[in-house]
There are 2 protein chains.
Amino acid sequence: MEDRGTFDNLPHKTIARLSQYRRALLLCLSRGKSHIFSHEIASIQHITPVQVRRDLMLIGYSGTLRKGYNIKELINLIGNIIDSEEGIKVAIVGMGNLGRALINYFSGKRHKLSIIAGFDTNPDKIGNTMNGVPCYSATRMREIIEKEGIQIAIITVPAENASQTANELVAAGIKGLLNYTPKPIDVPEYVYLEEYDMITTLEKVAFYVKMKTLEEEDITTI
Amino acid sequence: MEDRGTFDNLPHKTIARLSQYRRALLLCLSRGKSHIFSHEIASIQHITPVQVRRDLMLIGYSGTLRKGYNIKELINLIGNIIDSEEGIKVAIVGMGNLGRALINYFSGKRHKLSIIAGFDTNPDKIGNTMNGVPCYSATRMREIIEKEGIQIAIITVPAENASQTANELVAAGIKGLLNYTPKPIDVPEYVYLEEYDMITTLEKVAFYVKMKTLEEEDITTI
DNA sequence: AAATAATTGTTAATAAAATAACATTGTTAT
DNA sequence: ATAACAATGTTATTTTATTAACAATTATTT
Ligand SMILES: NC(=O)c1ccc[n+]([C@@H]2O[C@H](COP(=O)([O-])OP(=O)(O)OC[C@H]3O[C@@H](n4cnc5c(N)ncnc54)[C@H](O)[C@@H]3O)[C@@H](O)[C@H]2O)c1
Ligand SMILES: NC(=O)c1ccc[n+]([C@@H]2O[C@H](COP(=O)([O-])OP(=O)(O)OC[C@H]3O[C@@H](n4cnc5c(N)ncnc54)[C@H](O)[C@@H]3O)[C@@H](O)[C@H]2O)c1
């Protein structure tokens with residue numbers, strides 16, 4: 001029995017934080033830092049030092065008492081947990097404003113995770129390359145996903161094409177989806193799905209801003 | 001005593017879901033539907049009907065037993081809760097790829113929440129209009145935020161300028177921030193902050209895809 | 001050498017969120 | 001008229017996530 005398959009009951013929130021810790025650690029490393037304390041990580045991430053230590057405990061990493069955590073080691077360990085050894089290939093469907101912004105942002109940022117294909121229906125875009133990512137015709141989606149062994153797709157097509165695109169991706173054998181359209185999509189249970197809509201986030205911000213404002217008014221009227 | 005200020009202890013997750021419910025309800029309404037059942041909302045949002053009913057209970061809305069919830073009424077009620085009566089103005093700082101994608105997407109979508117100004121340092125962009133949103137020089141940020149009463153800002157500048165931009169926005173009196181740069185920013189406690197990084201989401205998807213793959217391998221090797 | 005301070009690692013307690021259980025109520029079918 | 005059904009609304013339970021408490025360790029100061 002190997003020890004892969006450990007880490008399969010880490011809390012979902014811990015997974016997200018590990019990714020954020022690594023982002024912070026990479027930055028610290030690039031600035032020449034070699035060790036870091038839990039309270040330093042915590043303050044970068046706006047969380048508590050206990051939370052950080054608890055997460056690191058869950059992944060079985062120990063720091064040293066007076067120097068804190070070894071940044072390089074911790075980066076590697078987080079990599080062992082969240083990265084896949086062979087690397088995972090990603091496609092992006094819909095090379096419009098958002099698709100291009102995401103490609104630009106993501107390209108080359110992670111060693112074990114790379115966007116290697118884009119798809120679009122617009123003939124003007126097909127054949128172009130964006131930041132090293134070739135844009136193929138959407139009609140070739142299945143062919144290329146199978147040939148390249150692409151496992152994850154990001155959906156950035158117009159909302160009205162979202163569900164059809166999702167169906168085609170699932171049929172092509174995609175294992176994970178990240179849907180940025182405001183149209184929630186349905187996938188079989190064996191496909192892992194994340195959806196994100198900026199409007200939801202913005203409305204949440206607006207709600208809490210409104211709340212704070214009302215609170216202040218209440219205080220001043222008393 | 002008015003009944004504003006109720007709803008101030010709704011769970012955070014409920015707030016996010018209310019925004020999503022409304023998005024789904026608006027779509028249903030535009031398709032001519034007048035009533036909807038909890039299990040219909042649930043299935044759109046990939047959650048359980050109980051969750052939906054519980055959220056609606058928390059905001060004090062009642063449906064009718066055989067017809068479900070009145071879509072128009074529910075949209076209005078959600079609006080009363082999460083929107084601010086006078087409307088809230090939003091600015092976007094950094095009119096690059098992502099900034100433009102967000103403006104395009106958001107513009108005109110919500111009545112009580114509108115992006116009314118963009119800021120940039122690039123002289124080629126200053127003076128232009130994007131989807132009705134004027135782009136001002138970043139040097140005028142404070143002036144325009146104060147004059148227009150802008151309460152929320154979205155940060156889409158290059159990461160290295162994130163914290164300085166955030167500081168300027170806070171100094172200008174911003175009450176809520178939505179940070180899309182991968183550089184976590186610090187704000188005083190009276191400013192409500194949300195941060196989002198696509199890489200974290202993508203790495204989460206990748207992790208669960210990896211896990212599912214490992215599980216399958218384990219099953220087939222047994 | 002002893003006391004102090006700063007930090008980690010872990011268990012215990014609390015809080016937040018989701019789910020389950022179930023009573024209630026109209027509607028439809030018999 | 002009554003039984004069966006399909007919904008809602010609410011309370012109870014369970015699960016997940018966060019925070020608190022504190023013991024252990026080691027460097028530093030007195
Ligand atoms: N989640 C968010 O925060 C967020 C933010 C901005 C935009 N969006 C959404 O993302 C999507 C894209 O936005 P955008 O601004 O990039 O739009 P866009 O119109 O600029 O880009 C859409 C692209 O998809 C291509 N396309 C259309 N149908 C296709 C298909 N069937 N297969 C492949 N490609 C296809 C189009 O040719 C175009 O290039 C929209 O659904 C928008 O609502 C979401
Ligand atoms: N969270 C995410 O999912 C996500 C996705 C894509 C990009 N990003 C991030 O968003 C940011 C913007 O990305 P992009 O692709 O639009 O980059 P971009 O270079 O296209 O746009 C940045 C814009 O900001 C302007 N700018 C620079 N300094 C400024 C300042 N001090 N004040 C105002 N404007 C200023 C630039 O002139 C440019 O127009 C980057 O930090 C990037 O890392 C995040």
Side-chain angles (χ1 to χ4, degrees), chain A residues 6-21 25 28 33-71 73-74 77-78 189 193-195 200 204 207-208 211, chain B residues 6-21 25 28 33-71 73-74 77-78 81 189 193-194 200 204 207-208 211:
Chain A
T6 327
F7 306 129
D8 57 355
N9 47 12
L10 288 174
H12 285 220
K13 292 284 185 73
T14 295
I15 300 300
R17 281 192 298 264
L18 288 175
S19 164
Q20 292 167 341
Y21 296 163
L25 292 169
C28 292
K33 227 166 131 68
S34 76
H35 289 74
I36 194 166
F37 294 120
S38 63
H39 62 83
E40 296 177 288
I41 300 178
S43 121
I44 297 172
Q45 297 301 139
H46 315 305
I47 56 177
T48 65
V50 187
Q51 179 96 82
V52 173
R53 292 204 298 277
R54 213 179 183 292
D55 285 335
L56 298 189
M57 184 197 82
L58 291 174
I59 65 173
Y61 186 67
S62 289
T64 58
L65 202 40
R66 258 344 229 234
K67 295 207 287 184
Y69 304 94
N70 180 304
I71 293 180
E73 278 178 20
L74 188 45
L77 176 57
I78 294 176
E189 57 80 28
L193 172 69
E194 285 270 342
E195 307 197 304
T200 294
K204 214 170 127 191
F207 173 79
Y208 287 107
M211 278 308 169
Chain B
T6 328
F7 307 130
D8 57 354
N9 48 11
L10 289 174
H12 284 218
K13 292 283 185 75
T14 295
I15 299 299
R17 280 192 300 265
L18 288 175
S19 164
Q20 292 167 341
Y21 297 163
L25 292 169
C28 292
K33 230 166 128 68
S34 77
H35 288 76
I36 194 167
F37 294 118
S38 64
H39 65 257
E40 295 178 288
I41 300 178
S43 123
I44 297 171
Q45 297 300 140
H46 316 304
I47 57 177
T48 65
V50 187
Q51 179 94 83
V52 174
R53 292 204 297 277
R54 212 176 183 294
D55 286 335
L56 299 189
M57 185 197 80
L58 291 175
I59 64 173
Y61 186 66
S62 289
T64 57
L65 202 39
R66 253 351 225 229
K67 296 207 287 183
Y69 303 95
N70 180 302
I71 294 181
E73 278 178 20
L74 188 46
L77 176 58
I78 294 177
I81 293 166
E189 58 79 29
L193 172 68
E194 285 271 340
T200 294
K204 214 171 128 191
F207 173 80
Y208 287 108
M211 278 308 168

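Numbered from 1 within each chain, the chains take letters A, B, ... in sequence-line order. The analysis underlying the following values was restricted to heavy atoms, covering all of them including side chains, and did not include hydrogens, waters or symmetry mates.
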- Item | Start and end of chain A contact along DNA chain C [non-hydrogen atoms, under 4.0 Å] | C/dA5 to C/dA12

- Query: Which whole-number value in Å describes the distance from A/Lys13 NZ to D/dT18 C1'?
  - Reply: 9 Å

- Hey, are the side chains of A/Lys13 and A/Ile15 touching, using non-hydrogen atoms and a 4.5 Å cut-off? no

- Message: Please determine whether the number of non-hydrogen atoms from other residues, nucleotides or ligands lying under 6.0 Å from atom NZ of A/Lys67 exceeds 12.
- Response: no

- Please state how far atom NE2 in A/His12 lies from atom C1' in D/dA17, giving the value in whole angstrom units. 12 Å

- Message: The side chain of A/Leu65 is closest to which nucleotide in this list: D/dA17, D/dT18, D/dT26?
- Response: D/dT26

- Item | Between C1' of D/dA23 and CZ of A/Arg53, the distance in whole Å | 12 Å

- Message: If I compare all heavy atoms of B/Ala42 with all of B/Pro49, which pair ends up nearest, and what's the gap?
- Response: CB-N, 3.5 Å

- Item | Interatomic distance, B/Gln51 CD vs D/dT8 P [rounded to whole Å] | 15 Å

- Query: Just wondering, do A/Ile71 and A/Cys28 contact through their side chains at under 4.5 Å, heavy atoms?
  - Reply: yes

- Could you check if a side-chain atom of A/Leu77 sits within less than 4.5 angstrom of a side-chain atom of A/Glu73, using non-hydrogen atoms only? no

- May I ask you to say what B/Ser62 touches in the nucleic acid, namely base, sugar-phosphate or nothing, with a heavy-atom cut-off under 4.0 Å? sugar-phosphate

- Message: What is the separation between atom CZ on A/Phe37 and atom P on D/dT26, rounded to the nearest whole Å?
- Response: 15 Å

- Query: Below 4.5 Å, heavy atoms only, C-beta onward: do B/Phe37 and B/Tyr69 meet side chain to side chain?
  - Reply: no

- Query: How many Å lie between CZ on A/Arg54 and P on D/dC22, as a whole number?
  - Reply: 17 Å

- Message: Students often get this wrong, so: under 4.0 angstrom with heavy atoms, is B/Ser38 touching a base, only sugar-phosphate, or nothing?
- Response: sugar-phosphate

- Query: Whole Å only: how far is the CG atom of B/Asp55 from the P atom of D/dG9?
  - Reply: 13 Å

- For atom CE of A/Met57 and atom C1' of D/dT19, their distance in whole Å: 13 Å

- Item | Given DNA chain D, 5'-ward residue of the pair A/Thr48 and B/His39, judged by closest heavy atom | B/His39

- Message: Return the CD1 to CD1 distance between A/Ile47 and A/Ile41, rounded to the nearest 0.5 Å.
- Response: 8.5 Å

